There are 2 protein chains.
Amino acid sequence: MTTRKRRPSGEASREHILSIALGLFREKGFDGTTMRDIAAAAGLSLGAAYYWFPSKEALVLAYYARQQDAHAAASREALERLPDLRSRLGAVMHAKLDMLKEDRKLLRAILRSTLGADEPTSVFSAETSEVRGQAIAIFLDAIGKDESVPEDARPLFAQALWTLHLGLLLYFVNDTSEDQTKTRALVDGSLDLVCNLAPPMLGPMRAEITALLQNAGLFAAKK
Amino acid sequence: MTTRKRRPSGEASREHILSIALGLFREKGFDGTTMRDIAAAAGLSLGAAYYWFPSKEALVLAYYARQQDAHAAASREALERLPDLRSRLGAVMHAKLDMLKEDRKLLRAILRSTLGADEPTSVFSAETSEVRGQAIAIFLDAIGKDESVPEDARPLFAQALWTLHLGLLLYFVNDTSEDQTKTRALVDGSLDLVCNLAPPMLGPMRAEITALLQNAGLFAAKK
DNA sequence: AAGCAAATCTGAACGCGTTCAGATTTGCTC
DNA sequence: GAGCAAATCTGAACGCGTTCAGATTTGCTT
């Protein structure tokens, strides 16, 4: 009944499989990589791979968690350095793109399962809620104590920025322009607009928007 | 070489398969219905089903086209009757939800492939561009000649409304409230906001927004 | 060291979407 | 109606993700 014992060799297996899998995904694409490929490359049987990851999508979930940690670390550094809202938001968004730029092909293959709250890999699913919360928290950090955004509007604004960032990622993975310059321009243009728009809009409309989203369950009432 | 001959029995086969397939999808879900089920229920062999629809997803594409036609017809009637912008937009959006309310389960299963421009069933793919154009045209019709929206801002506004409608559909298919009342409220609340917001915003910011989207290729320059 | 349960691994098997080489039917020409 | 090519259909086969009954290994207790 001692279920919390860590088997060093066991967790190492898990990490090993994940690394091998991500390498193969990047090299041959998500669909082009079979679970049998992954198991063979990791020196294990097919069943062993399924012992550590109950499905191919579970590997994607683990990938999310890895990227989220890396993004949080990369953002923290920038947030300690930059003072103004606009540049902080830019740093956070561009840091994410920098991190994901080698994985656009992989993300494109994965995107199919990122809608639809059913799918465990959906950005809206219960399984990803922790990662999602961390991602929104980064934007909350980026807003920080900037006085142009009233304190009680910050959670709403952070969630809006996260939603914008999802849309930008969708554009990013399909962006064929050199070095994804188009996405970079879209990020900067959107943020300019948002930073100009948000303060005036947040005033008169904030109460209505908040009520609307809360009724829909799309925005958590403050705890 | 006479490739344009219509075989009545042939096209009938196609329609028959599609009807059977949609019935099974509604009854047993998308994943719960196999191509073998469809072929058997249609009284054909597996290969014959693949002769008419090159993939399971192709059935989804045909379903899109059917729904789009039905929505256009339902909207046309309402648009001839209603004079003001707000009620026209409400009619169009609610007509769509009325039409799809029996298919929420099916749509949820399908949603997985509606992102990612790779997938042929993506709302952004080349394969669906015709359907997409028709859907945007409905919103253009709904705006009509309403004077609160400047003429040259109408295409942009129509596309924004279509994007909003996509988001609302995403909420709709996962809405577990009775009769999807929450979605209905969200539709009405969003449209109230948009109708109040759009005119003042479209003034000062229109040029910037249009330029931003055109550079990103997200909005076609006027032809 | 013997015993044992949990942790870890194996490989065959299943059902699925899809493909394909070839059979059959249809509509046409002479 | 004989001949023929295109249209339509057949069913076996393939590779995939996933499952599972059972084998093996590990760490602990006595």
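Here is the naming used below: chain letters follow the sequence lines, and residue numbers restart at 1 for every chain. Given the structure is predicted, the values throughout are model-derived calculations rather than measurements.
- Nearest heavy atom pair, residue B/L89 against residue B/L161, reads CD2-CD1, 3.5 Å.
- Base pairing of C/dA23 is made with D/dT8, judged by Watson-Crick or G-U wobble geometry with both donor-acceptor distances under 3.5 Å.
- Judged by the 6.0 Å and 45° rule, A/K105 forms no cation-pi pair with A/F30.
- Checking C/dT19, D/dT18, C/dC9 against the side-chain heavy atoms of B/L46 singles out C/dT19 as nearest.
- Checking D/dG11, D/dG17, C/dC9 against every side-chain atom of A/A48, the shortest atom distance belongs to C/dC9.
- Rounding to whole angstrom units, NE2 of residue B/H16 and P of D/dC9 are separated by 12 Å.
- For the OP1/OP2 pair of C/dC9 and a distance below 4.0 Å, the side-chain nitrogens and oxygens of A/Y51 include no atom meeting the criterion.
- As rounded to whole Å, 7 Å separates atom C1' of D/dG15 from atom CZ of A/R36.
- Comparing B/G43 and A/K56, the nucleotide of DNA chain D nearest to each residue sits closer to the 5' end for B/G43.
- Among the nucleotides D/dC9, C/dG17, D/dG17, the one closest to any side-chain atom of B/M35 is C/dG17.
- A/K28 has its NZ atom 9 Å from the P atom of D/dC16, to the nearest Å.
- Residues B/D31 and B/K56 come closest through the heavy atom pair CA-NZ, 4.2 Å.
- Distance CG (A/D37) to C1' (D/dG17): 12 Å, rounded to an integer number of Å.
- Nearest heavy-atom pair across B/S190 and A/L212 is N-CD2, 3.7 Å.
- Contact check, A/T34 against D/dG15: no side-chain N or O comes under 4.0 Å of OP1 or OP2.
- For the residue pair A/I20 and A/A41, the shortest heavy atom distance occurs at CG2-CB, 3.5 Å.
- At the heavy-atom level, A/L44 lies under 4.0 Å from the strands shown only through sugar-phosphate atoms.
- For A/W52 and C/dC9, the shortest distance from a side-chain N or O to OP1 or OP2 is below 4.0 Å.
- Dashed line: the shortest gap from a side-chain N or O of A/S55 to OP1 or OP2 of D/dG17 is not under 4.0 Å.
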